Amino acid sequence: MSKVSVNLSVNGSQHEVWVFPNDLLLDVLHDELGLADVRYGCGEGVCGTCTVQLDGEPVSACLLFAVQVTGREITTVRGLLGEDDSLHPIQECFLRHGGAQCGFCTPGMILTAHSLAERANRPSRAEIRYELVGNLCRCTGYTKILDAVEEYVDSRPSEGA
Amino acid sequence: MTLETEAVERFRVVGGSPAHHDFVDKVKGSLLYAADWKLPGMLHGKVVRSAVAPGRMVSVDIQEARAIPGVVAVLTAQDVPSNRVVEHASGGLGELTVEMPVLAHDRVRYVGEPVAVVAAVSAEIAEQAAELVAVDYADLPGVFDAEQALREDAPRVHEDGNVLVNWRLSSGDVEAGLAEADVVVEGEYRSQHVEHAYLEPEAGVGWIENGVLTLRVSTQVIEHVTDIAAILELPENKVRVIASYMGGGFGGKEDMTVEPYLALLVWHTKRPVRMIWDRQESMLASTKRHPFVMRYRTGVRRDGTILAQHVDIIGDAGAYPCLSARVLFAGAALSCGPYRTPNASIRSRAVFTNNVPTSAFRGFGAMQVVFGYESQMDRIAERLGLPADEVRRRNFLARGDFIPTGESLETAVAVPETLDRALSRLGERGEPSGPTKRVGRGFACGMQPYGRTIWFYDRASAWLSLLGDGTLLIRTGVTDLGAGQAASLCQIASEILGVALDDISIYIGDTALNPPAGGTFATRQLYMSGNALLTAARELVDRIAPVAAELLDCPADALVFQDGLVRVGKGERLGTGLSLAELVKECGDRGVSTAHLSTWRAEAGTFDPSTGKGGSFPDYTYGTHAADVEVDVETGEVVVLRYVASHDVGRAINPVRVEGQIQGGAMQGLGYALLEDIVLEEGNNVSTLFANYLIPNALDMPDIEVEIVESGEGKGPLGARGIGEPPIAPCAAAIANAITDAIGRRPSRLPMTPERVLELLAEEDQ
Amino acid sequence: MVCAPFEYVRAGTFDEAVGVLIEHGEDAQLLAGGQSLVPMLALRLARPTVLVDINDIGALPPEADGAVLPLPTLTRHRVLLDSPVVAREVPLLADCVRHIGNVRVRNRGTVGGSMAHADPTGEIACVALTLDAQVVAHGPAGRRTIGARDFFVTYLTTALEPAEVLAEVRFPVLRPGQGWSFQEMVRRVSDFAVVAVSASVDLEPDGATVRAIDVALAGVADRPVLAEREALAPLLGTTAARDLVASAARSVADATSPEGDVHASGAYRRRLVDVLTRRAITEALDRAREGSIAA
Ligand SMILES: Cc1cc2nc3c(=O)[nH]c(=O)nc-3n(C[C@H](O)[C@H](O)[C@H](O)COP(=O)(O)OP(=O)(O)OC[C@H]3O[C@@H](n4cnc5c(N)ncnc54)[C@H](O)[C@@H]3O)c2cc1C
Ligand code: FES
Ligand code: FES
């Protein structure tokens, strides 16, 4: 097996990286591109700490090979930050509500919630819960995460209202 | 008891919920955890683990593994300079002395026990090499159940026997008490192996710097530096441990995890090495919560007064001691809960088996027993036809009352307030949602220690320095589990010194640079380091205030440190002030240091294992949880409809974080109650997939509603009590009591799976 | 967690994919959504030396073709859940997808992958059995159709030949007088089912008499299975009175012999089959009756 070159578009920047076909997107983002906000938690698609947005929709980076995503747009939680490194409003909500404790689940949680908010028009708390089932958190008991996401989605202008 | 609400209002920073810089990094995703460091030339380490147990190791062949290109080291027991870890968890009070090898040499005692360790240039090659380490085992008879391990003829896990420790506590005369009782209620309760399941698997990076072996790992206890030095036979000052912020620990990073393996590989290869345990590896071989078998016999008067209680606890320690002796002690000491028990006889044994070792886990033995004593309390109420809360109220401990170790309680017991708050928050009961549904309500009270057992002479140090520009630097060896340990210290410092939170930097968890604070466990960090920091800050104020007083021409006690200024707070000169930066300069001119180190010592005491009398814990945190559940009588499924958790936290240093601790702890407790189970079949773990070990997700459980009581009575800084562990404790009992209320049958085994609930219902049909 | 090495090939058409399968035989494996395959690779439970990524083949949005809804193999679970066409034409399928995994799984996982993976607890497979969907296989000699009821062989094994690629799954669209229900029990929401039951009932034009009834079960055998015909037969030609439904459900359960695992014993699973089958038939009947009234 030899390495192949892939072009990864991550958080708006282009990267050419040489990878083995069996290199998981997770490991390439984390170890090669230094995106420590994409994390290994289980490798089974269960926990959600490796969540990235692929063309805006959450996927498990532990279940994709880097060679698969050439030409697709990948967003990690850092990609939500403003130009000057300022927090995105959804990050502000997490901060304000104590939605992060140890913080290990936080990037995945935020990315999943963020894409829901982009897609759905003011989802209810129940819909937010349903969307977040695949992002496990062992610290918060979810209540403050749900509060944070709820505040964020409620703060957005509703469509066609 | 009085609620010191005025006191609460006095604080400026404490009692607010500011977000600290580490939380900003967390929402940005920029906090670097243990797996996030990469060094030039770094190797990848992998532990080779036994696939069978128990077994005698006939041969270990590393040739094939060693031969793979890219493999740099394959180490076995013979490569470990001092191949043992000796744990004296009880502080030497009567437990067996049993060595745990770093790498197994002649026999393996549990499936997953480390037998070799590999370093290679890539994780893939390390994994491949690990697969090729060939170990031949000869089967040995094993024992996989703690009760069976107690039998005379049981296979011995260790030569000296299977009982690691046998604690006995007693007070009064139990037999007389039982004889006097109108009713004696008996119960047997069983709990399961549980996994911490922090989202961050065990990980670390090690390297050698200036001849010092340095490890940056996810650990609760940097003080293991001495164990690591002993294993490598290095001087203690040639090993340095840095703790990264943890992605959760919950007790699972209290024992060493990757440290000895990483240290060995770094020392042998002289290259940086990273080791990350696979999730499945962590599920297989990391320590677990002790399954308990608890037998209770409680004698009560007709009016519900407890006269006597007999408690027998057996805890499965697994194959090695770890912290089992102390866990079983906590179980024993807290086994009667927040109730006056004039006559008590308690036996608590930690028993070796060939199961995965068990050790520290949030709640630390004192949580398992809540399921026992709170099920007993409901049973007593049922038997006597009294309301469940009434029976408890008649027996609640109060300040000055004695617990079975013979100690009297020094602070207020606000458990009645928590009970009132929890029940009134639940309000009216709901109706079942369908014909096959039954609703029920239950609650449970609990009492959990905070701080280490007092015979350990616990202490913690903190150093702080006001810098020339008025900013503050804090250095202390605490580790941060993710619960805001570092942030709370900043808040306390800000409160006393008047430095804005944004102007405080804190350095934690480093044996080389920071004064030792002791590990983050036993809900001790706020209590210990919080007090150390509070002391340091106050002493620093005492040292520099006279300089300010001189400059401002006022008495020192008129000064207020606030908003980066020292101002005159009363009297003639009211309103004048100077900035901290100016004060630091003036101090410098006068040779007054603005840096200060303090060490705070917890109260100390002794315990006599032969009489079961003496000191145990510094203090306790009390609480009540209450739940409404709905049971589907056809499938046995239990849905938690509402859940309220109320605790007396003494003082909420940061209310949002306190609530977060309570919600997170309660959620773990609900997982423990209903979902989580490490299933071992003859010692083989069949729940190693994260998909198979069911920690609650966002849909499984309701919001945890929190009722905070602030008695101001804690022994922590500013009257705080520890809240890290207590909220996990009452959940299983509260849910069990609610299920009993719904279906008229009492669960006595955890987790309360739908299948088990259905079995209970089937009994009823007979 | 590192997958063993493999060669990676992208196939943009079914013919290309088949070509690679012919060339490499058993050593090659197709990669669709990867939500089942990649964990198996990472855990080294599967070790193909060639991985054939078929994602480039793509899938057009679902569109009914007469009485059939043909779903291209790469139709993602997400599409099934969100598509108004699927909700209207095969509501049972849309409904079952709610139970599949989490949003990340649904964003990648495919209908063909689910069928080909043949997990004994798979919801889509269960629905395909109930509705007697047809699987279109693309092989060296062109296409052939395999009935879903002949498709699942045993644990993670199907009737596909080694060089065949699943191209399409064809679901019959909802008929007048047809009612449906999907019932599932899980230990933790979003996990694989402990037991799932999917049911379809067709009523005679009178809106009351049962003309046909089909029930499939997940989580009770080495593959998703159809409920015993004899067990359901007593309902045919009747108005399916409650006690008749209950006894049919019990017979369905009695005919199964599920094994236990970490989540539930065999006996408990059988009990669930009984309860969930009764609930599924009851709900399917209610829907069929309502539909008949509305029609
Ligand atoms: C956390 C998690 C939870 C899940 N929960 C559920 C659940 O509740 N219910 C459920 O049903 N599934 C569940 N899944 C599995 C998910 O639905 C999978 O996506 C699905 O089973 C397989 O689809 P895939 O497209 O991902 O296939 P892949 O993983 O890519 O492939 C699976 C298998 O099918 C073969 N294959 C794929 N496409 C074809 C084809 N066109 N022709 C021939 N062979 C093919 C592959 O070679 C492989 O052997 C879960 C997965 C995860 C990670
Ligand atoms: S690491 Fe990808 S889901 Fe857990
Ligand atoms: S904050 Fe620790 S896992 Fe969610």
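Letters go in sequence order (proteins before strands), and every chain restarts at 1. Heavy atoms only: backbone and side chains are in, while hydrogens, waters and symmetry mates are out. Since this is a predicted model, take the numbers as computed values, not measurements.
Taking the six-membered ring for Trp and the full ring otherwise, the centers of Tyr152(A) and His88(A) sit less than 6.0 Å from each other.
For chain A, the option among Ile704(B), Asp700(B), Leu689(B), Leu31(B) with the highest count of heavy-atom pairs below 4.5 Å is Leu689(B). Most heavy-atom pairs under 4.5 Å with chain B: of the set Cys137(A), Cys139(A), Cys102(A), this distinction falls to Cys102(A). Ranking Glu131(A), Arg125(A), Glu92(A), Arg96(A) against chain B, the residue ahead of the rest is Arg125(A), based on heavy-atom pairs under 4.5 Å. Interface summary for chain A: among Gly671(B), Gly248(B), Gly247(B), the most heavy-atom pairs under 4.5 angstrom belong to Gly247(B). Comparing Val77(A), Leu136(A), Asp37(A) by heavy-atom pairs within less than 4.5 Å of chain B, the highest count is held by Leu136(A).
Applying a 4.5 Å heavy-atom cutoff, the residues of residues 40-48 of chain A that approach chain B are Tyr40(A), Gly41(A), Cys42(A), Glu44(A), Val46(A), Cys47(A).
Proximity to chain A is absent for every atom of Ala666(B), based on heavy atoms less than 4.5 angstrom apart. At a 4.5 Å heavy-atom cutoff, the contact between Arg78(A) and chain B is made by backbone and side-chain atoms alike. Within the 4.5 angstrom heavy-atom criterion, atoms from both the backbone and the side chain of Asp85(A) approach chain B. Contacts between Met283(B) and chain A at a heavy-atom distance below 4.5 Å are absent for every atom of the residue. Heavy atoms of Ile276(B) lying under 4.5 Å from chain A belong exclusively to its side chain. Interface residue Gln661(B): backbone and side-chain heavy atoms are both found under 4.5 Å from chain A. Only the side chain of Leu87(A) comes within less than 4.5 Å of a heavy atom of chain B; its backbone N, CA, C and O stay farther away. Using a 4.5 Å cut-off between heavy atoms, Lys28(B) touches chain A through backbone and side chain atoms alike. Heavy atoms closer than 4.5 Å to chain B are found in the side chain of Thr49(A), but not in its backbone. When heavy atoms are compared at a cutoff of 4.5 Å, Leu132(A) approaches chain B by way of both its backbone and its side chain. Residue Asp31(A) touches chain B through both its backbone and its side chain, counting heavy-atom pairs closer than 4.5 Å. Neither the backbone nor the side chain of Trp37(B) comes within less than 4.5 Å of any heavy atom of chain A. Only the side chain of Thr106(A) comes within less than 4.5 Å of a heavy atom of chain B; its backbone N, CA, C and O stay farther away. The contact between Leu95(A) and chain B is made by backbone and side chain atoms together, counting heavy-atom distances below 4.5 Å. For Val706(B), no part lies under 4.5 angstrom from a heavy atom of chain A. Neither the backbone nor the side chain of Ile145(A) comes within contact range of chain B; no heavy atom of the residue lies under 4.5 Å from a heavy atom of that chain. For Leu481(B), the part sitting under 4.5 Å from any heavy atom of chain A is the backbone (N, CA, C, O) and nothing else.
A cation-pi arrangement is absent between Arg129(A) and Tyr142(A) under the rule of less than 6.0 angstrom and at most 45 degrees off the ring axis. Taking the centre and axis of the six-membered ring of Tyr33(B), the NZ or CZ atom of Arg39(A) falls outside the cone set by 45° and 6.0 Å.
The backbone N or O of Ala35(B) sits less than 3.5 Å from a side-chain atom of Arg274(B), completing a donor-acceptor pair. Distance alone, capped at 3.5 Å, is enough to place a donor-acceptor pair between the His196(B) side chain and the Ala360(B) backbone. Not a single donor-acceptor pair under 3.5 Å links the side chain of Asp703(B) to the backbone N or O of Thr143(A). Between the side chain of Asp278(B) and the main chain of Gln280(B), no donor-acceptor pair closer than 3.5 Å is present. The closest donor-acceptor contact from the side chain of Lys46(B) to the backbone of Gln128(B) lies at 3.5 Å or more, if one exists at all. Looking at Ser488(B), its side chain does come within 3.5 Å of a backbone N or O of Gly484(B) through a donor-acceptor pair.
Open room surrounds CG on Asp502(B); 12 or fewer heavy atoms of other groups in view lie less than 6.0 Å from it.
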Open item on the list: One pair to check against salt bridge (Lys or Arg N to Asp or Glu O under 4.0 Å): Glu118(A) and Arg156(A). What are the steps and the verdict?
Closed with: CA-CA 10 Å; Glu118(A) 292 296 309; Arg156(A) 289 163 53 86; 3.2 Å; yes

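Proximity of Arg122(A) to Val153(A): side-chain heavy atoms (C-beta onward) are nowhere separated by under 4.5 Å.
No hydrogens or angles considered: nothing links the side chains of Gln220(B) and Thr479(B) as a donor-acceptor pair under 3.5 Å. If you check the side chains of Thr70(A) and Asn7(A), you find no donor sitting under 3.5 Å from an acceptor. Residues Glu32(A) and His15(A) have side chains that never bring a donor and an acceptor to within less than 3.5 angstrom of each other.
Aromatic ring pairs are classed by plane angle as parallel below 30°, tilted from 30° to 60° and perpendicular above 60°; the pair His625(B) and Tyr643(B) is perpendicular.
Between Glu195(B) and Lys288(B) there is a salt bridge, since a side-chain N of the basic residue sits under 4.0 Å from a carboxylate O of the acidic one.
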